[in-house]
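Worksheet for the structure shown next.
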Amino acid sequence: MSIRTKLFFLLLVFSLIPLLVVASISRQGILSLGQTQSESLRTGMIDILQGEMRQSAKDSAKLVQQQAVSLEFALKAIVSDAEDVLNDPVNGLPKVYFADDFKTVGKQPLDLAPSDQYFSIDGSGERKLSSISLEEPVFLYPKGKQYLKKDQNIARLNLLKPEFKSFFSEAGTGLHRIHVTLNSGLHMEYPGHGNYPQDYDPRKRKWFTNAISTNRIVWERFIDVSTGQQIYTISMPIRGRAGKILGVAAIDIQLVQLLRKDELSSQWSSAIQAFVVGPVISNGKKELRIWAESGHEEKSISWRTQLPNDLKLLQSSNTEKLTTTIQEIIAKKSGVVRMPLNGIDSVWAYAPFREQGSYVLIVPEKVITAIPDAAAERTLDLSQNLYIAVGTAAFIILLTIALVAYLGSKTIIAPLILMTDAAKRIAGGDLSTHVEVDTNDERQTLAEAFNSMIPKLQDHLRITKSMELAQEVHNNLLPVVSPEISGLDISGISISCDETGGDYFDYYKAPNGDGTGILLGDVTGHGVSAALLMATGRAHLKHASGHKLPLATRIAEVNRLLCNDIGNTGRFMTLFCMEISSDNSSAKYVRAGHDPATVYTPVTGETRDLIGEPMLALGIFEASDYEESKTLLAEGEIIFIGTDGIWEARNSDDEMFGRKRLDTLILENAELPASEIQSKIIDAVREFQDGMEQEDDITLVIIKVNKLNCE
C-alpha cells in the first residue's frame with residue numbers, strides 16, 4: 001500500500017469513526033427489525049393457511065361422507081327396485097341391445113356416440129374416447145350361455161331402465177356406471193356400451209363375490225373392464241321374496257370426482273392430492289392403507305389386475321411424525337402436520353371419515369408457503385430500502401470527507417509521486433532522469449538519495465552487459481556439434497551455474513591421424529574468473545593438440561604455459577584428456593588431477609575406472625611430469641567423462657546424487673544413443689535436486705563404442 005493511500009486512510013479513520021459507528025448501529029437495527037417482522041408475518045400466515053387446509057379436509061370429509069351415504073342410499077333403492085321387478089311376472093321379451101349389437105353397424109342404438117367421460121389410455125399415453133348410449137342399457141351373457149338371450153329376466157331388468165336413466169342424470173359426473181348381475185350370469189349395465197372382452201364374466205369379479213359372501217354393502221377399488229381406469233365399486237346383494245340371493249346390484253364411481261380433486265385444485269393447487277385411508281397392520285406395525293386416491297397416474301390397466309388385493313400404503317420418510325398421525329387418525333381426530341411425501345416436503349391435513357378411516361389432503365409445502373414467503377419478502381424489501389437509504393446518506397458524508405482527505409494527502413505526497421514517475425522512466429531505460437524537490441524535509445533528502453543512485457545504476461548495467469558478452473564468448477568456446485566418427489557415438493554438454501563457468505570440454509583430431517581426442521577440464525571456482533582461466537587453458541590445449549608429440553609431453557607443455565599465466569593466484573585446472581585409436585580398439589589418456597573416467601560394459605554390467613597414474617592438476621607446479629596410460633576398448637562399451645557437479649549435486653535433504661546412482665542410470669539406458677543417455681543424466685540430476693539451486697557447473701561427455709574399425 002502506498003504512503004499516499006496510508007495517509008489518506010489515516011485521515012479517514014479519525015474523521016469517520018463516529019459516523020460509521022452511528023450508521024452501522026442504525027442500519028443493523030433497521031435490518032434486524034425487518035427480519036423479525038418478516039419472519040413473524042410469515043409464521044402467522046402459514047398458521048392461518050394450515051388452519052384453512054385443516055378445515056378443507058374436514059369439509060371434504062363431510063361432503064365425501066354425505067356422498068357415500070347418498071350413494072349407498074341410491075344403491076339400496078336400486079336393489080329394492082330390482083327385487084320388485086325380479087319377483088313380478090312378465091309377458092314376452094322387449095327390444096333390447098346386447099354387447100354384440102353395440103359392435104355391429106345397423107344394430108347399434110341410434111344415440112351411440114363417443115363421450116368425454118368414458119375413455120381408455122393407449123400405449124402412447126393418449127386418450128381414446130369410448131362410445132356409449134344414454135338411451136339404452138346393454139345386456140351381456142357369459143360365453144356359452146346364448147340361451148340367456150331368451151331369459152324372461154331380460155324383460156324384468158329392462159323395467160329398471162327409467163330408474164337408471166333418472167338416477168344417472170341426477171347423480172352428476174361422479175357416477176360412472178350402474179349394473180345388475182344375476183346368479184345365472186345375465187348382466188345389465190347403464191350407460192350401454194359394447195366394450196366387453198369375450199371371456200368376461202361379471203360373476204367372477206370381487207365386487208360380485210364379496211357382496212354375496214358378506215351379505216352387505218361392499219366398497220372396493222377395481223379396474224373398469226371397458227376403459228382400464230381405476231374406479232370405486234359399491235355393490236349389494238339382491239334377494240328374492242323368500243330371502244334367496246338372486247344376484248348383485250352395483251354402482252361404479254370415478255375416484256377423482258368422489259374425492260373432489262377439481263374443486264380442491266382450484267382452491268389450493270393442481271399439485272394437491274386427496275386420499276381416503278384407513279389403519280391396517282402390515283409387517284407387524286400400523287400403516288395407512290390407501291382406499292381411494294385422486295392423484296393416481298392416468299394409464300391403462302388390465303381389468304384382470306386384482307387391485308383390491310394390493311396393499312397400497314401412504315408413507316413418509318419421517319416415521320416419527322407418521323406414527324403420531326396414524327395414532328390420531330385411529331382416535332378419529334383431525335389435524336395438520338408437515339412431513340415429506342415421496343421426497344417432497346409437504347403439508348398433510350386429515351379429518352375422520354367413516355369408522356376408523358380418514359380423509360387426507362396433501363399439498364407440497366412450497367404451495368402453502370408461497371404467499372407467506374411473498375409477504376415476508378415484501379416486508380424485508382421495505383426494511384432493505386430503508387437500510388439502503390441510511391447507507392446512502394452515510395456514503396455521501398463519507399465521500400465528502402474522503403474528498404477532503406484526498407486533497408490533503410495529495411499535497412503531502414506530491415514529491416513522492418514525482419519520484420515514482422522518475423523511477424518508472426528509469427525502468428524504461430531513461431538514465432538521464434533527475435528529480436528536483438525543494439521541501440526542506442525528509443522528502444528532499446530522499447530525492448537527493450534518488451539522484452545519487454542513478455550513476456551507480458549505470459555502472460551496474462554496464463557490468464551486466466559485459467557479463468552477457470562473457471557468457472556469449474564462453475558458449476562460443478564450447479563445441480556446437482559432436483564429431484561424427486566411424487564406430488563412435490559421442491555427445492557432450494556443459495551447463496554453468498552462473499552466467500559463465502569454468503568447465504570445459506572439446507574434441508580434436510589426434511596428431512598423425514591417430515584417432516579422436518576428447519578434452520574435459522574443470523577450473524577451480526566458477527563465474528568470470530573461472531571462465532577467463534578456462535579460456536586461457538583452452539587456448540593452450542588447442543595449440544598443443546596440433547603438435548606431433550606424445551600426449552603426456554603435450555599436457556606437460558600446457559601445464560608450464562598455464563603456470564606462467566596463473567602465477568601465484570592459487571587457481572588451477574583439472575583435466576582428463578583421452579585419445580581413442582582410429583580403429584576404436586584402445587585409448588590412451590592423461591588424468592591431471594581430474595576424477596577418473598569410467599568405462600561401462602552393459603553386457604556384463606561391469607564398470608572400470610580409468611585411474612591411470614595420479615598426477616597434479618594444471619597450473620600448480622611448473623615442473624610437474626605427466627604420464628599417459630592405456631586401456632583396451634570393446635564393442636558396446638560406454639565411456640563416461642564428467643565433472644563433480646553431477647555426483648555432488650544435492651537435494652533439499654542435503655543428500656548427494658552420488659556415483660552409484662549415475663552408474664545405474666547409464667547401465668539401464670545403455671541401448672540409447674549417447675545424446676539420449678546424456679539427456680537422461682541431466683534430467684535425473686534436476687529431478688533429484690527438486691528445485692534446489694545448482695551449486696556447481698555440470699559438464700559431461702558420453703562416448704559409445706558401437707563397433708571396432710579393425711580390418
List in chain and number order the residues that pass side-chain hydrogen bond (donor to acceptor under 3.5 Å, both in side chains) with Lys542, two or more places apart in sequence or in another chain; answer none if no residue qualifies. Asp506
Does either side chain, that of [X] or that of [Y], offer a donor lying less than 3.5 Å from an acceptor on the other one?
{"X": "Ser675", "Y": "Ser491", "result": "no"}
{"X": "His540", "Y": "Asp565", "result": "yes"}
{"X": "Asn318", "Y": "Ser316", "result": "no"}
{"X": "Glu606", "Y": "Thr601", "result": "no"}
{"X": "Ser624", "Y": "Arg560", "result": "no"}

[X]/[Y] ion pair, N-O < 4.0 Å:
{"X": "Glu579", "Y": "Lys509", "result": "no"}
{"X": "Glu365", "Y": "Arg338", "result": "yes"}
{"X": "Arg608", "Y": "Glu637", "result": "yes"}
{"X": "Lys707", "Y": "Glu635", "result": "no"}
{"X": "Arg661", "Y": "Glu655", "result": "yes"}

So does [X] have more than 12 non-hydrogen atoms from other groups sitting under 6.0 Å from [atom1]?
{"X": "Glu671", "atom1": "CD", "result": "yes"}
{"X": "Asp625", "atom1": "CG", "result": "no"}
{"X": "Asn342", "atom1": "CG", "result": "no"}

Check whether any side-chain heavy atom of Leu610 sits under 4.5 Å from a side-chain heavy atom of Thr598, and report yes or no. no
Side-chain touch Leu700/Ile682, heavy atoms, less than 4.5 angstrom: yes
Side chain to side chain donor-acceptor pair (under 3.5 Å) assessment of Ser629 paired with Arg591: CA-CA 9 Å; Ser629 301; Arg591 185 168 72 91; over 6 Å; no
If you compare all heavy atoms of [X] against all heavy atoms of [Y], which two are closest, and at what distance to 0.1 Å?
{"X": "Asn709", "Y": "Ser486", "answer": "ND2-O, 3.0 Å"}
{"X": "Ala617", "Y": "Tyr626", "answer": "O-OH, 3.5 Å"}
{"X": "Ile620", "Y": "Asn559", "answer": "N-OD1, 4.2 Å"}

Could you walk me through whether Ile646 and Val685 pass the side chain to side chain contact (heavy atoms under 4.5 Å, CB included) test, one step at a time? CA-CA 7 Å; Ile646 299 174; Val685 171; 4.0 Å; yes
Look at the rings of Phe640 and Trp647 and say which category their plane angle falls in: under 30° parallel, 30 to 60° tilted, over 60° perpendicular. perpendicular
Of Asp644, Thr643, Thr574, the residue whose pairing with His594 passes side-chain hydrogen bond (donor to acceptor under 3.5 Å, both in side chains): Thr574
For a side chain to side chain contact (heavy atoms under 4.5 Å, CB included) check, start with the C-alpha distance between Asn651 and Asp690, then their side-chain angles and the critical distance, and finish with the verdict. CA-CA 6 Å; Asn651 58 16; Asp690 192 22; 5.5 Å; no
